[in-house]
Amino acid sequence: MKQKRVIDNKFGQRLRELRTEHCLTMEQFCERFNRQFGTKISKCTISRYENSVQEPMLNTVELIAKFFNVSPVYLIGQTDVRNIAENIQNSAVVQGNTATTLIVRNGGIVKRELNDNEVELLRILEILDVKGRTALMAYAFELEEKQKQRTGN
């Protein structure tokens, strides 16, 4: 008899939570998801994800996160903050090119040039795949939390 492989991760739990919060059956989720992204994900696959028997491909994680408007980092259980925007609401948000940027900090807007470290971080971010970006964001949020703890903010 073939034994079920159980994966120790939060992805399945989070997927089920999000699906039920949106009052979607597995069939409804699959129908809407497939229509939105032009995919062919099945109810059986969603069941295997939710029961932690099968891991999704990284591009599937990204699409499911997009469908539910949460970050992939949240979906795979590396943070409890659902939205990246919530994580960075008080941080610098970089928009624009690598020479000049728009910084949004606590509601104020400042235009300034990026320093060499910021340019290098953006270069690295651009070449990473979804898994790499997710890992980088998770690590950045972890560093941010440690910094807050050290400074008492």
Side-chain angles (χ1 to χ4, degrees), residues 4-26 29-30 32-33 36-37 39 41 45-153:
K4 281 187 176 181
R5 182 180 76 150
V6 178
I7 300 161
D8 185 25
N9 67 29
K10 288 189 177 184
F11 174 80
Q13 293 172 301
R14 298 265 166 101
L15 174 57
R16 179 179 282 125
E17 288 170 9
L18 289 165
R19 184 179 56 74
T20 56
E21 282 175 18
H22 286 79
C23 301
L24 295 171
T25 64
M26 285 186 197
F29 169 73
C30 291
R32 292 180 188 178
F33 183 84
Q36 182 172 341
F37 298 109
T39 58
I41 200 164
T45 300
I46 297 304
S47 176
R48 288 193 307 256
Y49 291 163
E50 289 185 1
N51 291 302
S52 297
V53 175
Q54 179 180 342
E55 288 182 324
M57 301 291 290
L58 290 173
N59 61 336
T60 303
V61 172
E62 186 175 22
L63 291 177
I64 292 173
K66 187 174 182 179
F67 181 87
F68 287 115
N69 196 29
V70 297
S71 73
V73 178
Y74 169 79
L75 194 56
I76 63 174
Q78 291 186 344
T79 182
D80 290 329
V81 180
R82 288 186 175 207
N83 217 312
I84 290 176
E86 292 174 43
N87 271 324
I88 60 176
Q89 66 186 6
N90 292 322
S91 303
V93 177
V94 179
Q95 300 171 344
N97 60 35
T98 58
T100 304
T101 188
L102 183 66
I103 305 294
V104 179
R105 188 175 282 133
N106 295 326
I109 299 174
V110 178
K111 188 175 179 179
R112 68 165 175 80
E113 287 194 20
L114 294 173
N115 65 39
D116 291 341
N117 288 336
E118 292 165 329
V119 171
E120 185 64 10
L121 284 170
L122 285 174
R123 183 196 64 75
I124 292 168
L125 181 65
E126 271 203 12
I127 63 171
L128 294 175
D129 61 8
V130 173
K131 185 176 183 177
R133 286 178 181 211
T134 301
L136 181 61
M137 290 300 292
Y139 185 64
F141 294 137
E142 183 181 315
L143 288 175
E144 179 184 38
E145 285 303 312
K146 287 179 182 178
Q147 180 69 29
K148 286 179 182 177
Q149 289 172 1
R150 281 194 303 270
T151 61
N153 291 332

Do the side chains of Phe67 and Leu24 get nearer than 4.5 Å, heavy atoms only? yes
side-chain hydrogen bond (donor to acceptor under 3.5 Å, both in side chains) partners for Gln78, two or more places apart: none
Taken in chain and number order and not counting sequence neighbours, the residues that satisfy salt bridge (charged side-chain N to carboxylate O under 4.0 Å, His left out) with Glu145 are Lys148
Partners meeting side-chain hydrogen bond (donor to acceptor under 3.5 Å, both in side chains) with Glu120 (sequence neighbours left out): Arg123
Applying salt bridge (Lys or Arg N to Asp or Glu O under 4.0 Å) as the test, list every pair that has at least one member in residues 132-142; sequence neighbours left out. Glu142-Lys146
Do Glu144 and Phe141 have side chains that get closer than 4.5 Å, going by heavy atoms? yes
Is a side-chain donor or acceptor of Ser71 paired with a backbone partner of Tyr74 at a separation under 3.5 angstrom? yes
Please walk me through it: do Ser47 and Met26 pass side-chain contact (heavy atoms from CB on, under 4.5 Å)? CA-CA 8 Å; Ser47 176; Met26 285 186 197; 4.0 Å; yes
Determine, stepwise, if the pair Phe68 / Leu15 fulfils side-chain contact (heavy atoms from CB on, under 4.5 Å). CA-CA 9 Å; Phe68 287 115; Leu15 174 57; 3.9 Å; yes
side-chain contact (heavy atoms from CB on, under 4.5 Å) between Tyr49 and Ile41, worked out: CA-CA 11 Å; Tyr49 291 163; Ile41 200 164; 3.8 Å; yes
Spacing of Ser52 atom OG and Lys10 atom NZ [to the nearest 0.5 Å]: 11.5 Å
Can you tell me how far the CG atom of Leu75 sits from the NZ atom of Lys66, to the nearest 0.5 Å? 14.5 Å
List the atom of Glu17, the atom of Thr20, and the distance in Å for their closest heavy-atom pair. O-OG1, 3.1 Å
Gap separating the OG1 atom of Thr134 from the CG atom of Leu128, nearest 0.5 angstrom: 9.5 Å
side-chain contact (heavy atoms from CB on, under 4.5 Å) between Ile64 and Phe11, worked out: CA-CA 11 Å; Ile64 292 173; Phe11 174 80; 3.9 Å; yes
Could you work out, with salt bridge (charged side-chain N to carboxylate O under 4.0 Å, His left out) as the rule, every residue matching Arg14, not counting sequence neighbours? Asp80
Mind checking the OG1-CD1 spacing from Thr25 to Ile46? Nearest 0.5 Å is all I need. 11.0 Å
What pairs with Arg16 under side-chain hydrogen bond (donor to acceptor under 3.5 Å, both in side chains), at least two apart in sequence or on another chain? Glu50, Asn51
Determine yes or no for a side-chain-to-main-chain donor-acceptor pair under 3.5 angstrom, with Thr151 supplying the side chain and Gln147 the backbone. yes
Drop me the distance from Leu18's CG to Arg82's CZ, to the nearest 0.5 angstrom. 5.0 Å
Any side-chain heavy-atom pair from Thr45 and Gln54 closer than 4.5 angstrom? yes
